[in-house]
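This report refers to the structure that appears directly beneath it.
None of the values given here were measured: they were computed from a predicted structure.
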Amino acid sequence: EVQLVESGGGLVQPGRSLKLSCVASGFTFSNYGMNWIRQAPGKGLEWVAYISSGSSYIYYAETVKGRFTISRDNAKNTLYLQMTSLRSEDTALYYCARNYYFDYWGQGVMVTVSS
Amino acid sequence: DIMMTQSPLSVAVTPGESASISCRSSKSLLHSNGITYLSWYLQRPEKSPQLLIYQISNLASGVSDRFSGSGSGTDFTLKISKVETEDVGIYYCVQFLEVPRTFGGGTKLELK
């Protein structure tokens, strides 16, 4: 069974940093591209970033480019999102999702940016 | 960026009846390889989104065949036949032709 489990969220002050993790199981992690997608409270879905299976291709939404870094450790079956210079508008539930077309999603981890 | 527009914003359906949701993209989602990169997702209340359909009409694994997708180019439709209680939630279309991936605003399905 495919499982994606996010962690690392919490309450953080504006301008500070946070690192999210997504541990994958039930499939060969190193064979799949992965994404981060977020959902602000009461809002729709916003794609954040994508990393290819071997980390050769990385893409970001303009809203996070230069502030967020997606990475992965295939030996640990783990996807990461390093978030810096956080803003109130980054407050959201962050999901990791498998494959270029989001075929499996995690349960999400909440990030709240507030003073 | 490719803009995705869904309609209606919400739909109320009597259980057992059918529902259709429309999604329109600001440019054709047909790639030169012949694949159209359009998928549909359902987000049930307080749950993570789940993939329903990919590449316009391919049913995802484990998804009921009451769901079907159609369309081409820039106009797409998700049809739900014989609506059940478990179909309640918000439906999103997404394009995968280009980065950034973009979502429709969502269509909320409720029961009458």
Worksheet item: Do the side chains of A:F29 and A:Y100 join up, straight or via other hydrophobic residues, at under 4.5 Å, putting them in one cluster?
Response: no
Worksheet item: Is there a chain of hydrophobic side chains (I, L, V, M, F, W, Y, each step under 4.5 Å between heavy atoms) that links B:I2 to B:L30?
Response: no
Discussion item. For a quick test of reading the model, state the closest non-hydrogen atom pair linking B:S48 to A:G106 and the distance between them.
Written reply: OG-O, 2.6 Å
Item to complete: State the CD1-CZ distance between A:I37 and B:F103, to the nearest 0.5 angstrom.
Response: 4.5 Å
Worksheet item: Roughly how far, to the nearest 0.5 Å, is the CZ atom of B:F96 from the CH2 atom of A:W47?
Response: 10.5 Å
Response to the item:
Given B:I90, B:V99, B:D1, the one with more heavy-atom pairs under 4.5 angstrom with chain A than any other is B:V99
Worksheet item: B:Y92 and A:K43: which non-hydrogen atoms are nearest, and at how many Å?
Response: OH-O, 4.0 Å
Item to complete: Determine whether more than 12 heavy atoms belonging to other residues, nucleotides or ligands lie under 6.0 Å from atom CE of A:M110.
Response: yes
Discussion item. Taking the side chain as everything from C-beta on, heavy atoms only, tell me whether B:P49 gets closer than 4.5 Å to A:Y95.
Written reply: yes
Discussion item. Please report the interatomic distance CG(B:L51) to CG(A:N99), rounded to the nearest 0.5 Å.
Written reply: 9.5 Å
Worksheet item: Does the separation of the ring centres of B:Y37 and A:Y101 fall below 6.0 angstrom?
Response: no
Worksheet item: Are B:I35 and B:V94 connected in the hydrophobic side-chain network, where two residues link if heavy atoms are under 4.5 Å apart?
Response: yes
Worksheet entry | Shared hydrophobic cluster for A:Y94 and A:L45 (ILVMFWY, side-chain gaps under 4.5 Å) | no
Worksheet entry | Exceeds 12 heavy-atom contacts within 6.0 angstrom, atom CZ of A:R67 | yes
Item to complete: Could you tell me whether A:R16 atom CZ has more than 12 heavy atoms of other residues or ligands within 6.0 Å of it?
Response: no
Discussion item. Less than 4.5 Å to any heavy atom of chain B: does that hold for the side chain of A:L93, its backbone, both, or neither?
Written reply: neither
Practice prompt. Following the transitive rule for hydrophobic clusters with a side-chain heavy-atom cut-off under 4.5 Å over Ile, Leu, Val, Met, Phe, Trp and Tyr, establish whether A:Y80 and A:V109 coincide in one cluster.
Written response: no
Practice prompt. Could you look at A:E62 and say if it's the side chain, the backbone, both or neither that has a heavy atom under 4.5 Å from chain B?
Written response: neither
Worksheet item: What do you reckon, are the aromatic ring centroids of A:F102 and B:Y54 less than 6.0 Å apart?
Response: no
Response to the item:
Residue from B:K47, B:Q43, B:R101 scoring the most non-hydrogen pairs under 4.5 Å with chain A is B:R101
